[in-house]
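Okay, so here's the structure we're looking at.
Here, residue 1 is the first one in the sequence, and each next residue gets the next number. Just so it is clear, the model here is predicted, and its values are computed rather than measured.
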Amino acid sequence: MSPQKHLTRKTLPKSANGAAPIFAIVGRPNVGKSTLFNRLTGSRRSIVGDEPGITRDRIYGNVEWDGRVARLVDTGGIIPDDEAMIPAEIFRQARVALEEAQAIVMVVDGRTELASPDIDLARLLLKTGKPLFLAVNKIDTEALDAGAENFRRLGIKNLVPVSSEHGHNIGDLLDEVFAVLKFPEAGETLVEEEAEKDTPHRTHGEFKQYETRVAIIGRPNVGKSTLLNALTGSSRAIVSPIAGTTRDAVDEVIEHLGRQLCIVDTAGIRRKGKTHLMAEKLSVVMARKHLEAADVALLVIDATEGVTASDATIGGYAHESGRSVVIVVNKWDLVTSKRTDGKPPADRAIFEEQLRNTLKYLNYAPVLFISAADGTNIHRVLDTVSRVAAERRKRVSTGQMNRFLERIDFQRASVPMSKKVRIFYMTQAAVAPPTFILFTNRDVKLHFSFERFLENQIRQAFGFEGSPIWFKVRARNKDSAEK
């Protein structure tokens, strides 16, 4: 049995401390925590695979059960005594989750023998004094339930044999966990929405927008997680010099200029031939998915390496999917004030010119030079995101557009005679991204030079900073149009 509905972030009930109650899933690597998370939230938010250690950062989701909603946090696999860099960071992230959780679900693999990391972790969790539940996972049938009793040696009284993959006893686990969570007082109204298999793409929207989704995209190790931490003023994402540290998308909601920004740090995107592990391949797929669900993409470029072909490819993903784009040149301090290779400091104007030449299709995207590690110009990133998000949803009336058309000298557009069209009138059909329908005398695809000319004229007149502009052509009979 799995939950069928959930509440979106905008309708989550408020508890006494201003947030929905939280419970956490913890356990050693590869026991099925992410599968359980996806089962409880009715999503595919966490990457699941046979490789241990796929989840590293904290991943949040909503769980609805028996008419109530709680927040669930999935943590990376914990091995308490492992001092290696990334496992230590995973442990630190998990500690944050444990501190904010009202209840804890420890997951163990019911198909394996009890391991010493399980015993060490159970001792650690028992010391928290919080309600603790033991989910003995991979118990696919009732016939296997008896075998789960072997794990009572961990000293956790609340034991539930479950199968995250097949849903066995999931309802029993939720009943027990929800019984100890502190929910809002009776009388508060909750607004339910049907769960969707995938996050809706934010394009062509006329809906009321409750938050702006911002995806941080780029190659591995350009500083995306450091940027997320700098923007949110937290240590939300694991940061290390090891490329590919982030695998699941990590999000955090902040408020800026009276608007909510949900900032998502995605995994570094690399070419298909450069990804070998299954988790890496999945993380790239998920990064593309989160990009397509965003309103604004922050394309992060490493100033020390310059603009690469991979940067151009990743920017192309954002452009083609209709996302607004802000180009963020990170580590600028390392090529200017902190340069150590004896070369003169980099010139901003020259760097931006080279960037524009490589990313010509993103000529509408503002460029910011920052240092995420030092916090330099971080405030400008948030200001620019808010401005670009507003431009993305700007609407021009048909009257304004037709008066605009009357002022344009289309003879200046260098278009082959066979591709020339006459525009009778033009209207904005949608926002996010701004999309215009041209009613013309011929049913032909707009020549790229004509489209570029028209786009430049629209930007000069109406703005739309940071957003691509889409055109659609509708042919009309010329004679009937002139009558």
Side-chain angles (χ1 to χ4, degrees), residues 22-40 46-61 63 70-139 147-165 169-170 172-174 176-177 180-181 235 238 245 247-248 279:
I22 294 176
F23 67 105
I25 296 175
V26 297
R28 62 184 173 87
N30 213 32
V31 294
K33 298 183 299 300
S34 294
T35 306
L36 180 58
F37 176 92
N38 291 343
R39 168 69 65 174
L40 295 178
S46 281
I47 295 176
V48 176
D50 293 331
E51 299 160 13
I54 289 178
T55 302
R56 292 172 174 178
D57 298 282
R58 307 191 313 275
I59 310 298
Y60 289 83
V63 180
R71 292 283 279 163
L72 174 62
V73 54
D74 181 20
T75 62
I78 301 175
I79 302 177
D81 295 329
D82 195 330
E83 296 180 359
M85 181 175 186
I86 287 181
E89 277 294 299
I90 292 172
F91 192 28
R92 183 183 65 79
Q93 293 281 344
R95 276 192 175 277
V96 174
L98 296 180
E99 289 171 3
E100 65 183 353
Q102 292 185 15
I104 302 167
V105 177
M106 177 178 169
V107 184
V108 294
D109 185 345
R111 294 179 183 173
T112 64
E113 295 296 323
L114 192 60
S116 58
D118 292 323
I119 297 172
D120 293 340
L121 180 57
R123 288 173 181 167
L124 182 70
L125 298 177
L126 287 167
K127 289 179 182 178
T128 66
K130 295 186 176 183
L132 181 59
F133 302 86
L134 183 64
V136 183
N137 194 26
K138 305 182 184 180
I139 305 297
E149 294 298 317
N150 294 328
F151 288 86
R152 289 203 180 273
R153 288 182 289 166
L154 292 174
I156 301 173
K157 295 180 180 179
N158 303 311
L159 183 151
V160 182
V162 301
S163 171
S164 301
E165 186 172 352
N169 283 346
I170 293 297
D172 294 343
L173 177 63
L174 286 174
E176 293 197 23
V177 173
V180 302
L181 297 178
S235 298
I238 293 177
T245 298
R247 287 179 173 174
D248 289 289

What pairs with I119 under side chain to side chain contact (heavy atoms under 4.5 Å, CB included), at least two apart in sequence or on another chain?
L114, R123, L154
Using a strict 4.0 Å threshold on nitrogen-to-oxygen distance, state whether K33 and D74 make a salt bridge.
no
Atom [atom1] in [X], atom [atom2] in [Y]: separation rounded to 0.5 Å?
X    : Y    : atom1 : atom2 : value
K130 : L125 : NZ    : CG    : 10.5 Å
L40  : L174 : CG    : CG    : 5.0 Å
S164 : N38  : OG    : CG    : 9.5 Å
N169 : E176 : CG    : CD    : 9.5 Å
T128 : L126 : OG1   : CG    : 7.5 Å

Less than 4.5 Å apart, any side-chain heavy atom of [X] and any of [Y]?
X    : Y    : result
V31  : N137 : no
L36  : V107 : yes
V180 : Q102 : no
D118 : D109 : no
F23  : L72  : yes

Measure across [X] and [Y] and return the closest heavy-atom pair with its distance rounded to 0.1 Å.
X    : Y    : answer
G110 : V136 : CA-CG1, 3.6 Å
R152 : K157 : NH1-O, 3.0 Å
F133 : A103 : CE1-CB, 4.2 Å
V105 : A135 : CG1-CB, 3.8 Å

Side chain to side chain contact (heavy atoms under 4.5 Å, CB included) partner of M106, chosen from N158, L134, L159, L124
L134
Taking R28 for the side chain and V108 for the main chain, is one N or O donor matched with an acceptor at less than 3.5 Å?
no
Heavy-atom donor-acceptor pair, N150 side chain to G147 backbone, under 3.5 Å:
yes
Set of residues satisfying salt bridge (Lys or Arg N to Asp or Glu O under 4.0 Å) with respect to R111, sequence neighbours excluded
D140
